[in-house]
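Right, one structure below, let's go through it.
Computed from a predicted model, the values in this text were never measured in an experiment. So you know, we letter chains A, B, ... as the sequences are listed, proteins then strands, and number each from 1.
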Protein chains: 2
Amino acid sequence: MEKKNLHSSSVTVADVARHANVSKSTAARVLGGYGVTSEKVRERVQASAKALKYRPNELARSMTTGKSKTIGVVVGDIENSFFGIAVRSITDVANAHGFNVILANSDENFDVEREAVNVLVGKQVDGLIVTPASRYEIGHLENLKSENCKVVLFDREIPSLDMDTVVSDDQEAAAAVTKQLLDAGHCRLAFVTATEEKDSDADGALHIPTSSVGRRIEGFLTACNEGGIAREDSLIVLNSDPKAGLGVSISKMLDQPNRPTAILASDSHVALEIFKQAQERNIEMPSQLSLIAFHNADWTEVTRPAITVVDQPVAQMGRWSAEQLIKRIEGCTEPALRHVMKMKVINRQSVVPPA
Amino acid sequence: MEKKNLHSSSVTVADVARHANVSKSTAARVLGGYGVTSEKVRERVQASAKALKYRPNELARSMTTGKSKTIGVVVGDIENSFFGIAVRSITDVANAHGFNVILANSDENFDVEREAVNVLVGKQVDGLIVTPASRYEIGHLENLKSENCKVVLFDREIPSLDMDTVVSDDQEAAAAVTKQLLDAGHCRLAFVTATEEKDSDADGALHIPTSSVGRRIEGFLTACNEGGIAREDSLIVLNSDPKAGLGVSISKMLDQPNRPTAILASDSHVALEIFKQAQERNIEMPSQLSLIAFHNADWTEVTRPAITVVDQPVAQMGRWSAEQLIKRIEGCTEPALRHVMKMKVINRQSVVPPA
DNA sequence: TCTTTGATTGAGACCGGTCTCACAAATAAG
DNA sequence: CTTATTTGTGAGACCGGTCTCAATCAAAGA
């Protein structure tokens with residue numbers, strides 16, 4: 001006597017229609033909220049729907065409308081508070097517009113990212129917000145426009161891609177903050193990032209896959225250069241041993257005889273690790289080591305010294321990206337935007353002149 | 001000359017079939033990887049698929065199979081590192097099994113949670129991992145089983161619901177850690193949580209909607225009681241003014257003449273706020289104020305004093321919940337499990353005898 | 001050589017919605 | 001009172017897959 005065997009015992013428009021003694025079309029009209037129906041029929045159908053506990057199958061709806069009301073978000077790692085905040089503001093905006101968010105972590109690994117993007121597109125997301133792990137590997141993003149899938153790039157840009165992008169003024173902020181270190185009198189500086197070391201090409205130039213980090217490094221080096229710092233005294237510390245973690249690179253840096261007197265950390269995780277290792281080594285901060293970190297993580301103001309940070313407007317960036325994406329999904333066709341958001345330095349206690 | 005007008009220009013099995021000169025059924029068989037096909041045809045179809053850049057529409061697939069290969073995760077707030085870690089481990093397990101995760105934040109608000117659950121079920125998720133905001137409002141969860149949607153409760157239990165649940169030993173850990181404070185000689189204690197104050201009923205008993213917090217409070221009170229602490233010296237501080245935030249409740253507590261000499265913070269956000277306010281007031285820690293926090297947040301070991309914490313195995317809990325959910329989705333029908341994970345106290349420097 | 005068997009393939013229904021179109025009844029205009 | 005409109009309803013195609021079932025064909029057994 002069962003009616004549906006394999007498929008869930010869910011009730012469909014047809015069931016409601018039967019119960020209300022109307023055609024499937026009519027029931028669909030009132031339940032779907034389109035077309036016209038008479039008051040009487042509408043009430044009858046709604047009553048039946050309530051009685052049968054009808055709940056529309058959004059999948060089927062998406063199937064015919066071609067819009068899934070879902071967006072995909074691919075970030076590096078949701079555990080990182082930077083992305084946590086971003087995802088939060090994105091989901092808030094999305095929900096407010098009736099969208100849901102499918103979340104994927106790339107672990108800053110390009111292959112994982114591509115796979116995630118492909119799966120999400122397969123699931124027919126209406127759009128994608130991506131923090132591309134690499135500005136060089138972009139094949140998976142190139143063809144998305146033809147797939148009816150809009151894309152917004154978050155925090156990292158890929159100029160060749162002609163897509164909506166929100167970034168912060170990484171280069172300018174890094175330069176400004178480096179200059180601040182220089183002005184305080186430091187002349188052995190380091191920029192530390194968890195980005196993995198990639199082979200630099202023939203000319204020996206660094207090719208940092210993460211565009212935001214790359215631009216920060218540019219800003220750092222430019223400022224160092226203008227400040228007359230010798231190349232060997234403006235260190236770039238990358239994650240030389242991904243399996244062992246960034247910790248060993250930081251150890252190496254801190255243990256070298258002429259260690260830097262000031263460090264610029266490219267995110268709060270990095271800053272935390274530096275802070276820990278300095279504590280372990282009894283390196284007095286800020287007197288023996290000045291530190292500035294990107295991202296105003298919540299804990300940076302309770303350490304002693306409290307950490308001077310470059311505050312990235314993460315939530316606003318997230319909001320912008322989601323709003324822009326939804327505009328696109330709703331049909332906006334203006335040329336791709338590149339939205340740059342200004343960062344703000346929050347001066348605390350972790351920067352003083354070198355001993 | 002366009003072929004598909006409204007719907008995206010995506011290529012379907014039918015397109016591939018036409019191109020490969022086989023029937024739709026046959027093309028579907030090779031592309032869907034089911035049934036049998038001859039080697040020759042298989043190669044031909046695959047070649048056509050490649051040529052046309054065919055990509056399966058997972059929505060359509062879900063439509064007929066009844067499985068969306070998607071799970072919904074409803075947490076309080078993804079910005080909170082506790083949930084960040086949980087969601088990370090959940091998505092990892094999910095992905096490893098071919099599932100995607102739709103994320104929703106409830107803000108610990110029951111109405112938002114119910115709405116989220118309904119939307120997710122409408123999107124035909126195969127299962128749901130929920131951190132229910134309230135153990136009293138459960139109507140939205142009760143009927144899910146009949147909807148072909150499995151559920152696992154994360155970090156909070158609802159005994160009446162008979163669902164798979166993973167929690168930690170909140171009551172025991174809270175009692176143990178309270179006893180530790182007592183043993184150190186404290187006799188004015190407070191338990192602080194961001195949970196909102198609800199009207200207590202006629203008998204004046206507290207009814208904490210968040211089960212984990214409720215059990216921690218029970219543990220705290222039990223230990224206080226056994227330690228002979230007067231009821232008025234075992235303070236429970238709730239979020240009395242949600243609009244203004246927990247900060248004001250903490251201020252009030254800290255500013256009262258007989259403020260507690262030891263505090264148990266129910267999560268790391270709370271602990272951070274307490275730490276900040278103590279710093280602002282020049283309350284010396286740990287000498288004038290001992291502190292223990294739930295959740296081993298990354299920053300708790302770099303503050304001075306470093307904070308003694310109750311380490312919850314968040315990642316393992318996340319993993320368990322995802323694995324259990326997937327087992328259910330795959331058909332497991334054993335009776336509902338209640339999995340309790342042990343927490344571990346990490347002793348650092350924030351607990352000393354009162355002055 | 002004729003039937004039996006097994007391997008492939010094609011036709012078409014189905015999932016649960018949306019949407020177009022034709023038709024009938026009711027109302028307005030001539 | 002007839003004709004033109006409007007309004008509400010039903011029949012059925014469609015979205016892009018899966019899946020059942022019958023048909024075809026070649027190899028194998030009688």
Show me the donor-acceptor pairs, under 3.5 Å and distance only, between side chains in residues 30-38 of chain B and residues at least two apart or in other chains.
unit_1: B:T37; atom_1: OG1; unit_2: B:R42; atom_2: NE; d: 3.2
unit_1: B:S38; atom_1: OG; unit_2: B:V41; atom_2: N; d: 3.4

Report task. Using heavy atoms to find the nearest nucleotide of DNA chain C for B:R42 and A:R61 separately, return the residue whose nucleotide is more 5′. Result -> B:R42
**Report entry** Pairs flagged by ring-ring contact (aromatic ring centres under 6.0 Å, His included) wherever residues 99-137 of chain A is involved - sequence neighbours left out
**Finding:** A:F110-A:H140, A:Y136-A:H207
Requested in this report: Return the value, rounded to whole Å, for the distance between atom CD of A:Q124 and atom C1' of D:dC15.
Outcome: 11 Å
Requested in this report: Examine distances only and state if a side-chain atom of B:R156 and a backbone atom of B:P132 form a donor-acceptor pair shorter than 3.5 Å.
Outcome: yes
Query raised in the report: Expressed in angstrom and rounded to an integer, what is the separation of A:N57 atom CG from C:dG17 atom P?
Result: 5 Å
**Report entry** A:S89 side chain vs A:A315 backbone, donor-acceptor pair below 3.5 Å
**Finding:** yes
**Report entry** Donor-acceptor contact present, side-chain A:T70 to main-chain A:S68, <3.5 Å
**Finding:** yes
Requested in this report: May I have the distance from B:K67 (atom NZ) to C:dC15 (atom P), rounded to whole angstrom?
Outcome: 17 Å
Query raised in the report: Checking B:R44 side chain against B:A20 main chain: does a donor-acceptor pair fall under 3.5 Å?
Result: yes
Report task. Specify the separation, in whole Å, of atom NZ of B:K123 and atom P of C:dG17. Result -> 15 Å
Query raised in the report: Rounded to the Å, how far apart are A:M63 CE and D:dG16 P?
Result: 6 Å
Contact list (N/O, under 3.5 angstrom) for nucleotides 5-11 of chain D vs protein:
unit_1: D:dT9; atom_1: OP1; unit_2: A:S38; atom_2: OG; d: 2.9
unit_1: D:dT9; atom_1: OP2; unit_2: A:S38; atom_2: N; d: 2.9
unit_1: D:dG10; atom_1: OP2; unit_2: A:S23; atom_2: N; d: 2.9
unit_1: D:dG10; atom_1: OP2; unit_2: A:S23; atom_2: OG; d: 3.0
unit_1: D:dG10; atom_1: OP2; unit_2: A:T26; atom_2: OG1; d: 2.6
unit_1: D:dG10; atom_1: O5'; unit_2: A:S23; atom_2: OG; d: 3.4
unit_1: D:dG10; atom_1: N7; unit_2: A:R29; atom_2: NH2; d: 2.9
unit_1: D:dG10; atom_1: O6; unit_2: A:R29; atom_2: NH1; d: 3.3
unit_1: D:dA11; atom_1: N7; unit_2: A:S25; atom_2: OG; d: 2.8
unit_1: D:dA11; atom_1: N6; unit_2: A:S25; atom_2: OG; d: 3.0

Query raised in the report: Between B:L59 (CG) and C:dG17 (P), how many Å, whole number?
Result: 13 Å
Query raised in the report: Roughly how many Å is it from CD in A:E58 to C1' in C:dG16, rounded to a whole number?
Result: 11 Å
Query raised in the report: For the pair made of OH in B:Y34 and P in C:dT8, what is the distance, rounded to whole Å?
Result: 16 Å
